[in-house]
Amino acid sequence: MGIELDRTVDALPVLMWTACPDGRPKSFDQCWRDYAGLSAEQTSGDGWLQVVHPDDRAALLAAWQGGLDSGKAAEAQARMWRKDGVYRWFLLRANPVRDAAGKILEWHILGTDIEERKRGQAAERVHEQSFRLMIDNLPAIMVLFKPNGEVLHANRQALEYAGASLAEAAEWTSRIHPDDRQATLADFQATLAGGEPYEGDWRHRRADGVYRWFHARGAPLRDEEGRIVLWYFHCTDIDERKRAKALLAGENRLLEMVARAAPLHAVLDALCQLSEEIDNGCHSGILLIDPLRKIFQRGGTSSRTSAYIDAMHGAPVNTQTAPSAVAAFSGAPLIIEDVAADSRWSQHFRDMSLAQGLRACWLMPIHSRNREALGVLAVYRTEPGTPTAFQRDLIGQLSHIASIAIERAQSDMAVRRSMEGLRAIVETTPECVTLVAGDGTLLQVNSAGASIAGVPSVDVLIGKCFFDFVVPEHRQRYIDFHQRVCAGEKRTLEFDIITAHGERRHMESYSAPMESMDGITAQLGVTRDITARRLAEEELRRREALMAKSQQLSSSGSFSWRPQSKEMLWSAQTYRIFGVEPGTPVTQEVVAARYHPGDAHVLQDLLERAQLGLDLEYDHRLLMPDGSVKYLSVQAHSTRDALGRLEYIGAVRDVTEHHRSEETLSQLRTELAHVTRVHSLGALTASIAHEINQPLAGIMTNASTGVRMLGAEPPNVEGALQTLQRTLRDGRRASEVVTRLRALFSKKEVRNEPVDLNEATWEVVDLLRSAMRRKRIVLQQERAEDLPPVNGDKVQLQQVVLNLLTNAIDAMNDVEGRPRQLLVKTAREAGDAGDSVRVAVTDTGSGFDPQQATKLFEAFFTTKREGMGIGLSVSRSIIESHGGRMWATANDGPGATFSFSIPCRASGTAASTGEPR
Ligand code: ADP
């Protein structure tokens with residue numbers, strides 16, 4: 001390029017002329033004429049101006065005038081016309097020529113052809129403009145620096161990012177993040193000085209004040225000599241990449257905290273802090289859900305959100321106006337673009353948020369792996385808006401980490417609770433729990449162990465040799481047992497120990513091997529003090545022996561019976577009673593085989609009652625293999641065993657002997673009763689005579705009336721028929737009286753049948769009516785209707801009533817001056833053992849001394865001259881043989897009341913096989 005340029009310069013015409021001090025042209029050189037093809041005349045005066053391009057003339061003249069006026073050199077560019085008709089650019093320079101005094105003598109004007117240079121400049125300008133256009137349109141930030149570090153140019157992106165003009169771009173260092181500024185500038189200066197390419201990251205402030213991370217690469221541009229002409233810096237926005245990296249690092253930090261089991265609140269606070277670091281201008285908080293109480297709890301906070309999180313602490317989770325509650329259970333993020341404009345939420349929430357200057361609220365539910373709601377992550381911003389994709393990801397990521405932290409804390413808590421629970425169980429158990437090493441060293445023991453050993457605390461025991469506590473005679477056995485457990489077996493052992501107080505105790509150990517962390521096996525034992533149990537067992541054995549003896553002596557045995565499984569357990573005496581070889585397994589069949597065939601119905605009834613679990617009370621007979629008969633009395637009470645099964649515990653008594661003597665006694669009593677009845681006959685004679693006389697008189701009257709009617713003319717057959725019927729009726733009545741008397745006084749076998757006590761009582765009362773009338777006794781009756789029947793012998797019971805009535809009549813014999821009243825009353829009574837029927841006879845007679853009340857019922861006690869003193873004694877034994885009782889009370893007024901009561905006939909129950917005696 002150099003040679004080319006020289007040639008051109010050589011070829012360039014240089015135009016020269018001179019001018020007077022006032023500017024008038026003086027002379028033009030040959031070149032002028034050659035160049036413009038003008039004659040001297042043509043260039044004289046202002047003619048030369050014709051050569052100048054009309055557009056450039058004014059500027060040229062102005063510059064020329066400026067030089068003339070100032071007397072200083074002047075310069076201008078203008079296009080000059082060449083003779084071939086083209087204009088070429090010239091640089092015209094006028095220099096004043098002065099004398100020694102400085103006076104201008106003339107002007108020398110020199111015109112240099114600069115056409116080529118001009119053309120080169122224009123091309124350069126176009127080149128530069130297109131270069132700027134190119135870098136301005138680059139999608140990245142590009143800044144050009146001069147070698148001294150001044151900003152030469154910043155592209156459009158750079159200016160837009162900074163919100164600065166090109167002039168302001170010079171201030172770029174002030175927009176570097178304060179934390180990064182010093183290091184960045186130092187690197188930059190070093191790069192300029194060293195001339196090596198630059199690479200580095202820093203945060204740069206955006207027009208809105210937000211700092212973003214950039215990665216900058218810088219390289220120098222050198223000229224042909226290798227001098228640095230400029231630096232170009234290319235900056236890429238790596239903010240999101242940087243944040244993602246920071247997020248990853250932050251997440252790792254959080255997970256590390258979780259792994260180290262840092263307190264949940266510390267982890268969640270750190271999480272909120274991380275979220276704020278990663279996402280400029282956000283404020284985070286976390287609420288937890290207490291699943292039991294259904295309320296929110298404080299999770300993590302930052303300074304801006306703590307007021308809201310604190311206010312929500314303890315709030316119910318089931319409200320529709322708290323966004324946290326809605327988000328927690330919706331399973332999806334809840335975006336509140338502008339808190340102020342969203343009317344779905346409670347005024348409280350809005351006021352709280354706005355008071356903190358928070359406008360947008362984004363809530364992300366925190367879920368467990370099983371999709372249970374654990375809490376909610378709340379992210380606030382001071383400006384309304386929705387999250388960017390990056391922010392959505394960030395919130396999702398952080399809520400995931402929160403869920404890990406919360407679940408971990410919950411499971412830690414559960415483990416801790418169960419450990420504490422286990423420890424509490426071991427501590428509170430009354431059994432001694434021990435961990436004994438292979439060599440017998442006691443590694444661990446609970447406080448029950450200390451109290452069994454008789455020492456004040458477990459510390460005294462730990463480290464001691466357990467074998468030393470075992471009594472010498474059991475020690476070897478214990479060591480063998482211990483070694484087998486340590487070898488991997490589960491075993492139990494009973495052994496004795498000597499306590500710190502020198503006391504000997506019986507122990508029972510349930511042991512299993514337990515491998516410790518170092519892999520050595522020890523014996524984990526649960527040992528129980530069974531001293532008391534042993535003593536109780538001994539006591540039980542003694543009692544059993546005692547019981548067997550007493551059963552033998554009382555000829556009564558005991559048994560237990562489970563009707564469902566038909567199992568039976570007999571005492572030794574029961575075996576003896578049933579004549580079964582002791583120890584033979586017994587079942588219901590064994591019992592049934594011994595039952596007397598005549599009592600089969602008793603067994604049947606017994607089994608039916610047992611199905612219902614009712615108490616049993618039966619008398620029955622056994623037919624023994626040798627053909628002899630045994631009388632047994634059985635009583636059994638139903639209970640439930642530990643498993644809730646029905647079980648009878650009962651006693652069986654051999655009453656054969658008793659039965660025999662009772663039979664004899666009963667016979668004697670029957671005899672005696674007969675005697676008393678016959679004795680009562682005297683008192684009844686007059687009454688009986690009257691009872692029979694009355695119908696007899698009726699018969700006589702009716703018969704004679706009938707004869708008369710038939711004898712009349714004509715015979716009154718109708719009337720006679722009526723009288724005959726009346727005769728028949730009276731005859732029947734007389735015969736009834738005689739029948740009743742015969743029944744009462746005959747010595748018949750006792751019976752057991754339903755008896756209506758009303759009927760029985762009033763039949764006797766009827767017999768005595770005339771006797772009472774004769775003795776001026778007023779009879780009163782109180783008769784209870786619908787009396788249930790009783791079981792027994794009607795005649796015997798009537799004999800009792802007769803006895804009470806005749807005694808009452810006797811007691812009123814000497815009563816004068818007050819009414820002789822006799823009240824007979826029947827009544828139904830309800831009692832604990834069931835209903836009964838009561839008969840009471842009240843008189844206004846002599847009465848008795850209350851002190852003598854029991855004496856009256858003794859045999860042969862009498863206050864009467866002709867008395868035998870056996871009436872009441874026999875009556876009472878009759879009533880008692882009916883299962884009833886009899887008693888006497890002195891009246892409030894004069895006289896006495898004698899009463900008896902008999903249980904009603906219970907349906908479906910055989911009172912016993914024994915008849916009333
Ligand atoms: P006896 O009638 O032969 O004396 P009891 O055994 O029937 O024999 O009576 C014994 C005694 O009881 C009588 O002697 C009498 O003292 C007394 N006693 C019986 N019934 C009454 C009565 N209703 N009022 C007063 N005392 C009575």
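Just follow the structure's listing: the first ligand is 1, and inside any ligand the first atom is 1.
The Ala808 neighbourhood of ligand 1 comprises atoms 23 (N), with distances under 4.0 Å to a heavy atom of that residue. Less than 4.0 angstrom separates some heavy atom of Thr863 from each of these atoms of ligand 1: 13 (C), 14 (O), 15 (C), 16 (O).
Counting heavy atoms from C-beta outward, Tyr648 and Leu616 have side chains that approach closer than 4.5 Å. No side-chain heavy atom of Asp793 sits less than 4.5 Å from a side-chain heavy atom of Asn752. Side-chain contact between Ser560 and Leu569 is present, with at least one heavy-atom pair separated by less than 4.5 Å.
In this structure, of Phe861, Phe898, Phe848, the residue bringing a heavy atom nearest to atom 21 (C) of ligand 1 is Phe898. The heavy atom nearest to atom 25 (C) of ligand 1, considering only Gly847, Gly871, Ser873, Gly845, is found in Gly847.
Between Glu503 and Arg505, at least one side-chain N (NZ, or NE/NH1/NH2) sits under 4.0 Å from a carboxylate O, which counts as a salt bridge.
Remark: Gln564 CD is packed, more than 12 non-hydrogen atoms of other residues, nucleotides or ligands lying under 6.0 Å away.
Residue Ala896 has no nitrogen or oxygen atom sitting less than 3.5 Å from a nitrogen or oxygen atom of ligand 1, judged on distance alone.
Contact annotation: for Asp843 versus ligand 1, heavy atoms closer than 4.0 Å belong to the side chain alone. With a 4.0 Å heavy-atom cut-off, ligand 1 is reached by no atom of Phe857.
In this structure, Arg594 is not positioned above the aromatic face of Phe578 in the sense of NZ or CZ being under 6.0 Å from the six-membered ring centre and within 45° of the axis.
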